[in-house]
J.: 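First the structure, which I've put down as structure tokens, then a few questions once you've had a look.
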Amino acid sequence: MKVATLGGTGSFGHALAQRLAALGEDDVVIGSRDAGRAREAAAGLESRNVSGATNEDAVRGADLVVLAVKADAALDTARGVATALGSTPLLSVASAIRFEKGVGAFPDPDELSLAERVQGVVDAPVTAGLHSIAAANLDEAPPQEDALVCGDDADAKQLTLQLVGKLVAGRALDAGPLASARALEGLTAVIVNLNRRYKAHAGVRITGVE
Ligand SMILES: NC(=O)c1ccc[n+]([C@@H]2O[C@H](COP(=O)([O-])OP(=O)(O)OC[C@H]3O[C@@H](n4cnc5c(N)ncnc54)[C@H](OP(=O)(O)O)[C@@H]3O)[C@@H](O)[C@H]2O)c1
């Protein structure tokens, strides 16, 4: 599978690209606004399977594209690659949380999730997931957590579940329609607060599902 990570120069996209290459994905492309920065990030991984390109070039020929830019850049980035993306599934991992000094992280007050707003600017089917997996946990020992994925397009969701299932020791679980991203993105604020309070990289495990 060819996987492109937009904003793959950042903490999450870079860790994801590294992990996917280590798992044997044969074609991983790190995307960036700057092709040189993307190529440098790819070269740093010392894997023949990883290359770098502009975000727009990275999506061409991909089977799955991961939108891993900073949350406040997600909509503009999606708009910018929409034509090149065509009908290729787009996985949004972004959460637009906000911070209040001395209090903690708050979920985005917008009625729609960021993933739903991204769906509004691309024709491609959008899925959402990986919000509860810390970049620091995308390492050789897969975290004992589940990965929750939602989306309205069955095929795109299946492809996303297939990919994210490789990243965790737990399960990749179908969390329903794309509207579930409102809860999944909000959960990021909860996890950030837990991490701060308990000095941890908290994750999620769902009980009662075989
Ligand atoms: N960090 C985590 O543990 C974690 C876990 C789950 C989900 N996420 C989600 O993953 C996404 C990335 O998180 P991160 O921690 O990796 O963020 P980050 O390192 O701050 O940024 C990721 C990349 O976004 C791009 N970017 C920054 N500003 C931009 C702009 N104005 N326009 C276009 N691109 C811009 C940059 O790439 P270039 O400058 O190379 O273009 C940057 O390397 C976030 O949406 C976050 O919610 C993060």
Side-chain angles (χ1 to χ4, degrees), residues 3-20 29-45 50-59 65-82 84-85 90-99 105-108 110 113-118 121-122 126-139 142-143 145-150 160 163-164 167-168 170 172 175 181-196 199-204:
V3 182
T5 63
L6 309 186
T9 51
S11 317
F12 190 79
H14 195 254
L16 179 62
Q18 183 167 29
R19 188 72 199 118
L20 291 175
V29 189
I30 286 179
S32 166
R33 287 168 291 179
D34 182 280
R37 195 156 56 234
R39 282 196 284 270
E40 203 176 307
L45 294 183
V50 185
S51 57
T54 61
N55 287 327
E56 195 175 1
D57 284 343
V59 308
V65 176
V66 183
L67 183 59
V69 296
K70 270 171 77 154
D72 59 8
L75 274 175
D76 278 350
T77 303
R79 244 183 235 110
V81 300
L85 187 67
L90 181 66
L91 166 61
S92 173
V93 302
S95 303
I97 52 176
R98 86 185 158 77
F99 293 90
F106 289 77
D108 186 3
D110 201 295
S113 65
L114 194 47
E116 291 169 283
R117 283 176 273 154
V118 166
V121 301
V122 299
V126 175
T127 57
L130 292 179
H131 310 88
S132 53
I133 317 283
N137 283 345
L138 287 172
D139 57 17
E145 346 177 354
D146 295 328
L148 305 178
V149 170
C150 64
T160 306
L163 186 86
V164 306
L167 303 171
V168 290
R182 298 171 204 173
L184 297 184
E185 292 175 12
L187 189 59
T188 303
V190 175
I191 288 174
V192 167
N193 290 324
L194 289 169
N195 288 346
R196 288 186 165 190
K199 308 277 177 267
H201 291 301
V204 167

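Note that ligands are numbered from 1 as they come in the structure, with each ligand's atoms numbered from 1 the same way.
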J.: Which residues pass the salt bridge (charged side-chain N to carboxylate O under 4.0 Å, His left out) test with Glu116, sequence neighbours left out?
T.: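 Partners of Glu116 by the salt bridge (charged side-chain N to carboxylate O under 4.0 Å, His left out) criterion, ordered by chain and then number, come out as Arg182.
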J.: Holding to salt bridge (charged side-chain N to carboxylate O under 4.0 Å, His left out), I want the full list of residues that pass it with Arg79, two or more places apart in sequence or in another chain.
T.: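 Partners of Arg79 under the salt bridge (charged side-chain N to carboxylate O under 4.0 Å, His left out) test: Asp76.
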J.: Pick out which of Leu67, Val59, Asn55 makes a side chain to side chain contact (heavy atoms under 4.5 Å, CB included) with Leu85.
T.: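 Among the candidates, only Val59 passes.
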J.: How would you list, by chain and number, the residues with a heavy atom under 4.0 angstrom from ligand 1?
T.: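 Residues within 4.0 Å of ligand 1: Gly7, Thr9, Gly10, Ser11, Phe12, Ser32, Arg33, Arg37, Ala68, Val69, Lys70, Ala71, Ala73, Thr77, Val93, Ala94, Ser95, Leu130, His131, Ile133, Ala134, Ala135.
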J.: Distance check, rounded to the nearest 0.5 Å: Asp139 atom CG versus His201 atom NE2?
T.: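 That separation rounds to 9.0 Å.
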J.: Could you work out, with salt bridge (charged side-chain N to carboxylate O under 4.0 Å, His left out) as the rule, every residue matching Asp34, not counting sequence neighbours?
T.: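 Salt bridge (charged side-chain N to carboxylate O under 4.0 Å, His left out) list for Asp34, sorted by chain: empty.
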J.: Is Arg98 salt-bridged to Asp72, going by a charged N under 4.0 Å from an acidic O?
T.: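 Salt bridge absent between Arg98 and Asp72.
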